[in-house]
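Working notes, structure below.
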Amino acid sequence: MEISKKEYSELTKAKSPDSTLAVNCLWAFFIGGLICVIGQALTELYKAFGQTEQEAATWTSVTLVFVGVLLTALDVYGKIAKKAGAGTLVPITGFANSVASPAIEFKSEGFILGLGAKMFTIAGPVIVYGTLAGVIYGVILAVTGG
């Protein structure tokens with residue numbers, strides 16, 4: 001069965017769910033903001049338990065990464081991300097998801113060729129270019145005496 005480009009375009013438009021940019025942006029803003037509010041609440045909680053600002057921030061990061069990986073493993077993070085879009089990609093939980101998701105997907109291929117090799121397929125470039133940007137920034141800071 002052959003159909004024309006116009007017929008194909010009409011068919012895909014009819015079958016595709018409607019989505020509006022404004023609604024998608026609001027969801028991303030709300031969910032991303034909620035993740036950040038939870039992070040701030042965790043920081044305040046850790047400080048209430050006697051941690052310094054630096055220690056509380058560290059424990060908050062560890063907790064958010066753990067929760068991101070746990071929700072990824074339970075197949076919940078993907079469902080949230082489907083609704084929230086970029087709102088789940090930007091915070092630290094999105095980075096945790098980007099590392100855990102391929103690791104979980106390829107675990108059946110073994111620890112070396114599956115989990116180890118595929119774990120950083122998404123997050124690897126972020127780590128590489130983030131590290132490179134840090135080195136460049138450090139060199140500029142050292143040269144300028146800042």
Side-chain angles (χ1 to χ4, degrees), residues 1-49 51-141:
M1 175 176 142
E2 287 196 33
I3 59 174
S4 69
K5 288 183 180 181
K6 183 180 177 187
E7 291 172 325
Y8 180 77
S9 178
E10 290 172 2
L11 181 63
T12 55
K13 189 173 184 177
K15 297 289 183 182
S16 299
D18 291 335
S19 66
T20 59
L21 181 62
V23 172
N24 291 343
C25 287
L26 285 173
W27 270 112
F29 180 78
F30 175 74
I31 299 298
L34 181 63
I35 292 169
C36 293
V37 166
I38 291 168
Q40 187 62 46
L42 285 169
T43 300
E44 298 303 322
L45 179 68
Y46 288 130
K47 285 179 7 186
F49 284 126
Q51 301 293 313
T52 66
E53 182 80 31
Q54 183 71 35
E55 292 168 338
T58 301
W59 280 110
T60 298
S61 296
V62 169
T63 303
L64 288 173
V65 167
F66 173 77
V67 170
V69 170
L70 180 65
L71 291 177
T72 299
L74 297 174
D75 199 29
V76 173
Y77 201 89
K79 292 173 184 169
I80 296 169
K82 194 174 228 177
K83 187 73 171 174
T88 56
L89 296 176
V90 176
I92 193 170
T93 53
F95 183 75
N97 172 265
S98 72
V99 173
S101 188
I104 292 167
E105 183 177 344
F106 293 103
K107 70 181 178 187
S108 63
E109 295 181 24
F111 283 115
I112 305 296
L113 297 177
L115 191 133
K118 305 291 185 177
M119 182 183 290
F120 295 105
T121 55
I122 297 172
V126 174
I127 294 170
V128 169
Y129 291 113
T131 303
L132 180 62
V135 169
I136 291 170
Y137 180 73
V139 168
I140 290 170
L141 199 61

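What you see is a predicted model, and the numbers here were worked out from it, not measured in a lab.
- Summarising the geometry, atom NZ belonging to K79 is positioned 11.5 Å from atom CG belonging to L71; distances are rounded to the nearest 0.5 Å.
- Remark: the backbone N or O of A41 is not paired with any side-chain donor or acceptor of E44 at under 3.5 angstrom.
- For E7, the CD atom sits in a packed shell: over 12 heavy atoms of surrounding residues, nucleotides or ligands are nearer than 6.0 Å.
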In sequence, state the C-alpha distance, the side-chain angles, and the governing distance for Y46 and T63, and then conclude on side chain to side chain donor-acceptor pair (under 3.5 Å). CA-CA 11 Å; Y46 288 130; T63 303; 2.6 Å; yes
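- Between the OG atom in S9 and the CD1 atom in I3 there is a gap of 10.0 Å [rounded to 0.5 Å].
- Inter-residue side-chain proximity for T93 and N97 is flagged as unmet; no heavy-atom pair is nearer than 4.5 Å.
- Considering CG of L26 and CD1 of I31, their distance stands at 11.5 Å, rounded to 0.5 Å.
- Of all heavy-atom pairs spanning T88 and A81, the tightest one is OG1-CB, 3.2 Å.
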Using side chain to side chain donor-acceptor pair (under 3.5 Å), reason through T43 and T60 one step at a time and then give a plain yes or no. CA-CA 6 Å; T43 300; T60 298; 2.9 Å; yes
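- A distance of 4.0 Å separates CG in L34 from CD1 in I38, rounded to the nearest 0.5 Å.
- The closest donor-acceptor contact from the side chain of T58 to the backbone of Q54 lies under 3.5 Å.
- Interatomic distance, T72 OG1 to I80 CD1, rounded to the nearest 0.5 Å: 9.0 Å.
- Between I136 atom CD1 and L132 atom CG the span is 4.0 Å, to the nearest 0.5 Å.
- Taking each heavy atom of Q51 and A56 in turn, the nearest pair found is CB-N, 3.9 Å.
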